[in-house]
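Some notes on the structure that comes next.
Just the heavy atoms: all of them, side chains too, but no hydrogens, waters or symmetry mates, feed the values below. In what follows, every chain begins at residue 1, and chains take the letters A, B, ... in the order their sequences are listed.
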There are 2 protein chains.
Amino acid sequence: MSINMSEKNEIIKALIPLEEKHKTNLTVDCVIFGYDQGDLKVLTIECDMDPFLGMYSLIGDFVKETETTNQAAKRILKFCTGNDDIFLEEVQSFSEINRHPYGRVITIAYYSLVQIGKTKMTDNAGKHLQWTSVNNIKEMAFDHKQILDLCLFSLRRSLRDSPIGFELLPKKFSLKQLQTLYEVVLDIELDKRNFRRKLRTMDILIDVDELQQEVSHRPAKLYKFNVKYYESKKYNGFKFDL
Amino acid sequence: MSINMSEKNEIIKALIPLEEKHKTNLTVDCVIFGYDQGDLKVLTIECDMDPFLGMYSLIGDFVKETETTNQAAKRILKFCTGNDDIFLEEVQSFSEINRHPYGRVITIAYYSLVQIGKTKMTDNAGKHLQWTSVNNIKEMAFDHKQILDLCLFSLRRSLRDSPIGFELLPKKFSLKQLQTLYEVVLDIELDKRNFRRKLRTMDILIDVDELQQEVSHRPAKLYKFNVKYYESKKYNGFKFDL
DNA sequence: TTCATATAGTGTAAAATTAACACTATCTTC
DNA sequence: GAAGATAGTGTTAATTTTACACTATATGAA
């Protein structure tokens, strides 16, 4: 005579000491943003769980006993992009009772910013990882669309008041590229001259004295982000504000 | 023959299905801010756990299987302040492996704002709940000081760009009270005339046509927050910014 | 070589916002 | 009715933001 799943769960629960009864499945889900030729993308995976089969899904995993949630998020990033040391920010938890079809799973949402060119998409993941334009995503598995939207909101806010945009561009970039990044991600238009003046007065760019290559018009000068200067000033009344 | 605790844990783990192995203890901790006569306070409890015995501690609890983390936070608030429907904001998770002496416990930090006068401190909690001045707290149990600091940082940011300050004041208040709140919480000085002009141009206050009572000098006019006006404008380009 | 094309790069003036600042008004209490 | 205490009010200068159009320089084709 066999027992069914819910009976089994009851038996297990009876064996578990009191404080264990409050345990819950905890995951992290990563919204990995990349930017590519004027298009904000997010790394998605094809969902292989039942009511959401084939739909776009974010990349996530359980938080292990031996790691913090941050470490779990970093592990996922490393796995998906081959990359350590990338920009990562916690956003919010999602804990609706029935958000996951397999049972109670609470997740903590992170977003991160990577340069698409720098990633080595390890296909050993084998799971149809792909960069999808944020604008093309109308729905996702689970509550992942909601998570994506909130992370995008959070990205936009951070982009305006801290210099994280540089994480999405190559080390050397033109002012035009930087401006376009802001325009695409924030979905606004900026005035070229005003944008440039603002950056000039902030003093956070270094002219690397190189020109854009292989363009059939006047090439733009290239700059890099003055990390040291920014780090030295940021707690000293200096405000990044775009 | 008896078995020890760690053997018992092993036995329990062996019985648990694979996905259960990733389960973790999850709590919420609430930083409950109150404001009282020019002093920002936080609701604390005396810690009754070993290495932190007697130290200030935040108020928290396990997240139950049948509730979201938000609901858990609200339950705690109701329990501590007798109050439903109070301002509540999730801030961040804390998940260092050894943050809790009893084992792995991951927590999600919330902060909330209450009017101290409005709370009915249910003493059935029995646990030495008290309002403690934020400035007087040098250390706390667990990582709670870190949590408090982050929540204070988050409160300050929100105070500047959304009208949450009103949650800390009585319904009717004088402009002076409002200004002092900002000065105390943000730890800055504000110019009286400029502060008042800014509020006037934002149009978010209603003159209730009453005067301060029982003061031995010229009484101030009282105002209330124009919730309706703010709600109708906030998605319409209107920006609260103090 | 030169001309067309495509994008880079630059300055100024008006408008809006912020910052600095000191006196009069009105209530209570003695 | 005078003294004490806090409420309430306006103007000017400085700074920041916005709006706006032309010149410069590379490539590639004729």
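Bounding nucleotides for the chain A contact on DNA chain C, 5' to 3', at a heavy-atom distance below 4.0 Å, are C/dA6 to C/dT12.
Between A/Tyr182 and A/Phe240, the ring planes lie tilted relative to each other; the angle falls in the 30° to 60° range.
Where B/Pro219 and A/Lys192 meet DNA chain C, the nucleotide closest to each residue was compared, and A/Lys192 sits on the side nearer the 5' end.
DNA chain C is contacted by A/Arg196, A/Arg197 of residues 194-205 of chain A, taking any non-hydrogen atom closer than 4.0 Å.
Atoms CD (A/Glu210) and P (D/dA26) sit 15 Å apart, rounded to a whole Å. As a whole-Å value, the separation of B/His217 NE2 from D/dT6 P is 6 Å. The interatomic distance linking A/Arg193 (CZ) with D/dT23 (P) rounds to 12 Å, in whole Å.
For the ring pair (Phe, Tyr, Trp, His ring centres under 6.0 Å) with B/Phe173, the lone residue among B/Phe225, B/Phe166, B/Tyr35 that qualifies is B/Phe166.
Legend: ring-ring contact (aromatic ring centres under 6.0 Å, His included) pairs involving residues 197-220 of chain B, not counting sequence neighbours: none detected.
Taking the six-membered ring for Trp and the full ring otherwise, B/Phe142 and B/Phe94 have centroids separated by 6.0 Å or more.
Side-chain polar atoms of A/Tyr111 and A/Ser158 form a donor-acceptor pair below 3.5 angstrom.
Counting heavy-atom neighbours within 6.0 Å of B/Glu96 CD, excluding the residue itself, gives a total of 12 or less.
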